[in-house]
Asker: 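Structure below; questions to follow.
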Amino acid sequence: MSDYALPEEYGLADLLCCAASREVQENEIVFAGTGLPMVAIMLAQKTHAPNLKLIFEAGTLDGRPPELPTSVGDARCEMGASRSSGLYDAFSIAQRGYVDLGFLGGAEVDQYGNVNTTCIGDYLNPELRLTGSGGNPDINSFAGRTVFIMVHEKRRFVENVSYITSPGWRVKKWPGGEFVHRRELYGAAFRGGPSAVISTAGVFRFDEESGLMYLDTCHPGKNPEEIRGMCRFDLDISRVKGETEVPTREELRIIHEVLDPDGIFIPRVNKA
Amino acid sequence: MSDYALPEEYGLADLLCCAASREVQENEIVFAGTGLPMVAIMLAQKTHAPNLKLIFEAGTLDGRPPELPTSVGDARCEMGASRSSGLYDAFSIAQRGYVDLGFLGGAEVDQYGNVNTTCIGDYLNPELRLTGSGGNPDINSFAGRTVFIMVHEKRRFVENVSYITSPGWRVKKWPGGEFVHRRELYGAAFRGGPSAVISTAGVFRFDEESGLMYLDTCHPGKNPEEIRGMCRFDLDISRVKGETEVPTREELRIIHEVLDPDGIFIPRVNKA
Amino acid sequence: MSNNKRITLQQAAEIIKNGSTLTFSGFTIWRRPMAIIYELIRQQRTGLHLIEVNGGSHTEFLVGAGCVGIWESCWVGHELYGKYGANLSRKVGSKEIIVEDYSHAEMMFRFAAGAAGAPYAATQSSLGTDLHNPEYDMLGRAGLRDGKRIPRHKYVFTEDPFYDAGSLVLVPAAKVDIAVICVQQVGEEGTVRVNGQYYSDPEAVRTADITIVMAEEIVPEEYLRRNADQNTIAGFEVNHILECPFGAHPTGMFGRYDVDGAFLKDFYGRTRSQEGFDDFAREWIHGHDQMSYLEKLGWPRMLGLKANTALNYSSRTKKGGK
Amino acid sequence: MSNNKRITLQQAAEIIKNGSTLTFSGFTIWRRPMAIIYELIRQQRTGLHLIEVNGGSHTEFLVGAGCVGIWESCWVGHELYGKYGANLSRKVGSKEIIVEDYSHAEMMFRFAAGAAGAPYAATQSSLGTDLHNPEYDMLGRAGLRDGKRIPRHKYVFTEDPFYDAGSLVLVPAAKVDIAVICVQQVGEEGTVRVNGQYYSDPEAVRTADITIVMAEEIVPEEYLRRNADQNTIAGFEVNHILECPFGAHPTGMFGRYDVDGAFLKDFYGRTRSQEGFDDFAREWIHGHDQMSYLEKLGWPRMLGLKANTALNYSSRTKKGGK
């Protein structure tokens, strides 16, 4: 039996990190961004997936950073790597189909798993311009599975995102813009799509045929109806499996003693 | 005044080598094959073009071989190079337009400078299959000028080659196969074409508008009519400038004492 | 191409004209040619057209200073030290700048095509996204698609004729006037050795008509040529070189120094408004040259950033919390 | 992918089946995986489909032995030691083999496209030549264009829509079952370090579904990972590894040994006829294993080929006259 932590022993960031870590399978090739996703991946590496391989967008293949990098361009990424190269290599490897799993984030997600990281409001007259796509659509286009980690606010879980930066299960077919299933558009490059959204409220998955998001597990203290109320679309809560698996004490020890001792990405709980 | 060698002091290979060397201009980027062309280029480097840069098809950029390589894949190519890489780099650089001059060979050449290195006779039922194209068409497609060095036999100087391996001044437009001027087909990639054929009989150039070959200079001992008789097409001999410039004693010294002391590519004359 | 390739920082910036199309070395907050960026701001360059695989702090400096007219790329921000590009965001809102969005891989493939002398690359990335929305062709809307630096189409949609792979987009090659590259070492004849990830630097150089290399150190050419298989860019691809230690600060350089996170956080925090940017520029850019900039930073700060030789990063840098 | 990647020479050859589509490391007469080639001949493999950036001595061995059904490439010969591929030429004449001709750059761009997961590349090379003659689509004539390993078209002709560059050809990506690579060093987890020119090896690996790396030496993985920017191929791209000193003989290996020109000249001279090839194979291949082959060559011969450490080539090799 796993030695699960008590509610007062972990924070929301710990829960997200461990939930994300559990999405990683042994021997997988994982396309990693910085921040919480990297902590999650390194946690998996130190627990159930010691042979996973990390690819960093900036060009490092199978890097083994001894401490958390501040960006994928960081020299820390390259320690112990199999090869340091450049972005052309990283994206070629991705398009060629080597990547099993990508971890991503976003400002908005819709019922099909389409994600927006480009702008809030009308693209031509934006309320707020964000960072832009970065590699979000690319990793998502090419990986076998992608996992999104997001803050859960009602305005972020919408029926249709204001700009599709990163493709979900039903996407727009250009030049017309009608929605079609991802499989239809991607052809031979179809390898999967968003497999989970881990929000601060629960874990969501997708019906691969309808392309619609459903609630898989609720984080401790949340219930399905409450979470449905936190979405601007009619979230399917008929398939809920129960509660999100909580962190074990060993996972918490690795996160806070080994991976992020300064609490840069994952603050220590202070519920005293 | 240059110290020209006397007829008994040089051989035909020396003459060809020096004629080829004189096609190179200072500071040029030259795409080099092995054999006599490389001796010619290195001769230019040690005489009038000390800052020329050599690119080898196998991936070495600005190599400075201390002795003659046996192929462009040879470790000798890489001594003192600016960068050792691979074929993708070499051909990208060529297609991008960095290359001023290429030296090539061929089994047959036609009146437009089209060259065949693929087969003798009908391609579908060949009398003799040769090596194939190698980089001949690529270098010729992308360089500002190309110089061909060839053995002069009547069967090799033909009206139309049996297979166009490497493009001359008038080429076939596919899928129809009608002849058009190279400029028309290459569009933005048009940078020039064959600028000289140096045969064992003379030096030939091309009228860039008509695309037709003409005789530029006769090697010592040959006359224009005789050379016209050595071609299966009606060679233009109206523009002959005179005799091919013969080697200087200094050039011969460099060839035989410095570049090819063992006479691998250029035998020493033995006219005693 | 002359054999004496050395120029000064001021000359480097002067090669870049108002309206020039530019690209840079590096990745987000690493190996950006900041000393030349500062000099461009001092020289008040305007109407620059940036085509970048990704943007970063250097983009935010140029955009904030009003130097940039068009930005084609996929991302801007300061990573951990500033979550988005506040200067770009402000100028997008006020329509002082044209932004053309592609994805990161698309930008990389655009540069790879340009570097190989091909007019475009075919990819299956980002299908179905609003990146491909024909309404969002901003350079087309502005009537700027002249087929020169700006291709006639943002994308072309097609299908794979060879292997039935399905839908594809063609992305146009990147073509730029000048690449400005910041690296660890350059030889006297222009050979470049990048240590660590080379990002998209080799492609950036080949898409450009003119390449300027700013290095931590100019080294004897012969030293680099002893191990040609460790070099990154051939000398004949480089037109101008200059030596400028710490020239990438506040961005980082593998094996030499870390990102100055505190500096970037300060920049990000203070430059949300134009007044804030102008104030920051008065403090750190105008009235300075590179040496007085470094003096103002001071040695203790720079020693803290200095990379450990065995690790290639600083073991003393404080990465800073959220 | 297993973490124990070591296999034997015999196992390496067994992974390659009759009819497999193959590609190799190296360039003409350099770094060809000859020990595995010999083993394939011993195992009497048939119907192999070779897709190669360029051919060389190894091609001539496989073709002479009757292992090859289709050869897609641009060149075959032995450089200075044999001006053309006499075995291929003979079998083209007798129509025992299908040859599909592309240019060298086209083949390289086919591999680059395949390595990047793109279905094709656009190029302006070789326009106007008979390479593009639709009558000379040999795989099409043979009815083999199934859109799997063999694309539905040899070429597609098109125009540049972005920059008005004019005519283009699209060349299909290369897709192969197995890449067989011969290098100086491989780590226990598969990381490859190539010294000197890497030719088209990185692309060869990525176009393949399975990669076999034969190295002069298997070294501790950790040794290679200390300088990741000097490595050529990542470990996860490699499925199987084996150590085989002098495994490239009679082709050469940068920094280790030169081409055995005398051996190649002898091969070229003796294998113009099928009887000659069979005789050569009886002498050097059948009935041998790699160790007895090396013993037959003898140490004095191999010491003569050994590269000088400072030069990376042998200063004692006789290159041989015309």
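Each chain gets a letter, A, B and so on, in the order its sequence line appears, and its residues count up from 1. Keep in mind that the numbers below use all heavy atoms, side chains included, and drop hydrogens, waters and symmetry copies.
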Asker: Give, as side chain, backbone, both or neither, the part of A:T118 having an atom under 4.5 angstrom from any heavy atom of chain C.
Answerer: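 Side chain of A:T118 only, per the 4.5 Å heavy-atom cut-off to chain C.
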Asker: Shorter than 4.5 Å, heavy atoms on both sides: which option in A:T117, A:I139, A:T60 has the most such pairs with chain C?
Answerer: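 The candidate making the most pairs under 4.5 Å is A:T60.
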Asker: Sort A:N140 into side chain, backbone, both or neither according to what part of it lies under 4.5 angstrom from a heavy atom of chain C.
Answerer: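 Neither part, no heavy atoms under 4.5 Å.
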Asker: Which heavy atom of A:D62 sits nearest a heavy atom of A:K53, and at what distance?
Answerer: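 Minimum heavy-atom contact is OD2-CD, 3.4 Å.
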Asker: What part of C:V169 gets within 4.5 angstrom of chain A, counting heavy atoms only: side chain, backbone, both, or neither?
Answerer: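 Contact with chain A: none, neither part.
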Asker: Using a 4.5 angstrom heavy-atom cutoff, name the option from A:Y123, A:F91, A:F142, A:W174 with the most pairs to chain C.
Answerer: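 Heavy-atom pair counts peak at A:W174.
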Asker: With respect to chain C, which residue among A:K173, A:M79, A:K172 yields the maximal number of heavy-atom pairs within a distance under 4.5 Å?
Answerer: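 Going by pairs under 4.5 Å, I would pick A:K172.
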Asker: Mind checking whether C:Y313 and C:F254 have ring centres under 6.0 Å apart?
Answerer: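 No; C:F254 has its ring centre 6.0 Å or more from that of C:Y313.
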Asker: What part of C:N195 gets closer than 4.5 Å to chain A, counting heavy atoms only: side chain, backbone, both or neither?
Answerer: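 Neither part.
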Asker: Locate the shortest heavy-atom distance separating A:A58 from C:Y199; write the atom from each residue and the value.
Answerer: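 In terms of heavy atoms, the two residues are closest at O-CD2, 3.7 Å.
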Asker: Among the options C:S167, C:A112, C:G252, pick out the one with the most heavy-atom pairs lying under 4.5 Å from chain A.
Answerer: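 Heavy-atom pairs under 4.5 Å are most numerous for C:S167.
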Asker: For each of A:T165, A:N136, A:V161, tally heavy-atom pairs with chain C at distances under 4.5 Å, and name the one with the top tally.
Answerer: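 Ranked by heavy-atom pairs under 4.5 Å with chain C, first place is A:T165.
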Asker: Drop me the distance from A:L185's CG to C:Q124's CD, to the nearest 0.5 angstrom.
Answerer: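 Separation between the atoms: 9.0 Å.
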Asker: Can you tell me which portion of A:S71 sits under 4.5 Å from chain C's heavy atoms? Options are side chain, backbone, both or neither.
Answerer: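 For A:S71, the contact with chain C is made by backbone and side chain together.
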Asker: How close do A:I41 and A:L54 get, heavy atom to heavy atom, and via which atoms?
Answerer: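 Smallest heavy-atom distance, with atoms named: CG2-CD2, 3.2 Å.
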Asker: Tell me, side chain or backbone of A:S141 under 4.5 Å from chain C's heavy atoms, or both, or neither?
Answerer: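 Just its side chain gets close to chain C.
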Asker: For this output row, return yes or no: ring centroids of C:Y257 and C:F246 closer than 6.0 angstrom.
Answerer: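 Ring centroids of C:Y257 and C:F246 are less than 6.0 Å from each other.
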Asker: Strictly under 6.0 Å, is that where the ring centroids of A:F179 and A:Y112 end up?
Answerer: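 Yes: the rings meet the under 6.0 Å criterion.
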Asker: C:W75, C:Y84, C:Y163, C:Y198: which one forms the most heavy-atom pairs within less than 4.5 Å of chain A?
Answerer: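 Among the listed options, the one with the most contacts to chain A is C:Y198.
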Asker: For C:N133, is it the side chain, the backbone, both, or neither that has a heavy atom closer than 4.5 Å to a heavy atom of chain A?
Answerer: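 Its backbone and side chain both get close to chain A.
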Asker: Kindly state whether the ring of C:F24 and the ring of C:H58 have centres lying under 6.0 angstrom apart.
Answerer: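 They qualify: ring centres under 6.0 Å apart.
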Asker: With only heavy atoms counted, which part of A:R83 is less than 4.5 Å from chain C, the side chain, the backbone, both or neither?
Answerer: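 For A:R83, the contact with chain C is made by the side chain alone.
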Asker: Would you kindly say whether C:H104 and A:D138 are connected by a side-chain donor-acceptor distance under 3.5 Å?
Answerer: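 No, no side-chain donor-acceptor contact under 3.5 Å.
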Asker: Between the side chains of A:E159 and A:R232, is the shortest nitrogen-to-carboxylate-oxygen separation below 4.0 Å, so that they form an ion pair?
Answerer: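 So A:R232 does not pair with A:E159 through a salt bridge.
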Asker: Step through it carefully: locate the ring centre of A:Y163, locate the ring centre of C:Y136, and say whether they are under 6.0 Å apart.
Answerer: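 So the answer is yes for these two rings.
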Asker: With a 4.5 Å cut-off on heavy-atom pairs, point out which of C:I29, C:D160, C:T123 contacts chain A the most.
Answerer: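 When all of C:I29, C:D160, C:T123 are compared, C:T123 has the most.
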Asker: Given a strict heavy-atom distance threshold of 4.5 Å, which part of C:L168 is in contact with chain A: side chain, backbone, both, or neither?
Answerer: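 Neither part.
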Asker: Apply side chain to side chain contact (heavy atoms under 4.5 Å, CB included) to the pair C:R193 and C:V183, showing each step before the final yes or no.
Answerer: CA-CA 7 Å; C:R193 181 172 296 173; C:V183 298; over 6 Å; no
Asker: Who among C:M253, C:R90, C:R141 has the most heavy-atom pairs with chain A under 4.5 Å?
Answerer: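 Of the options given, most contacts go to C:R141.
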Asker: Checking heavy atoms, do the side chain of C:M138, its backbone, both or neither come under 4.5 Å from chain A?
Answerer: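 Looking at C:M138, just its side chain touches chain A.
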Asker: For chain C, which of A:S133, A:G187, A:S166, A:S84 has the most heavy-atom pairs under 4.5 Å?
Answerer: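 Heavy-atom pairs under 4.5 Å are most numerous for A:S133.
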Asker: Would you name the heavy atoms of C:L170 and C:A122 that are closest together and state the gap between them?
Answerer: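 Closest approach of C:L170 to C:A122: CD2-CB, 3.7 Å.
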Asker: Given the options A:P66, A:A75, A:C119, A:G132, which has more heavy-atom pairs under 4.5 Å with chain C than any of the others?
Answerer: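 Looking at each option in turn, the highest pair count goes to A:A75.
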Asker: Measure the spacing between OG1 of A:T131 and NE2 of C:H78 and express it to the nearest 0.5 Å.
Answerer: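 One gets 11.5 Å once the value is rounded to the nearest 0.5 Å.
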Asker: Chain A: which of C:K95, C:E203, C:E106 shares the most heavy-atom pairs with it under 4.5 Å?
Answerer: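 Ranked by heavy-atom pairs under 4.5 Å with chain A, first place is C:K95.
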Asker: What part of A:V72 lies closer than 4.5 angstrom to a heavy atom of chain C: side chain, backbone, both or neither?
Answerer: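 For A:V72, heavy atoms of backbone and side chain both lie under 4.5 Å from chain C.
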Asker: Taking every heavy-atom pair that is under 4.5 Å apart, which of C:G166, C:G196, C:S103 has the most such pairs with chain A?
Answerer: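 Most heavy-atom pairs within the cutoff with chain A belong to C:S103.
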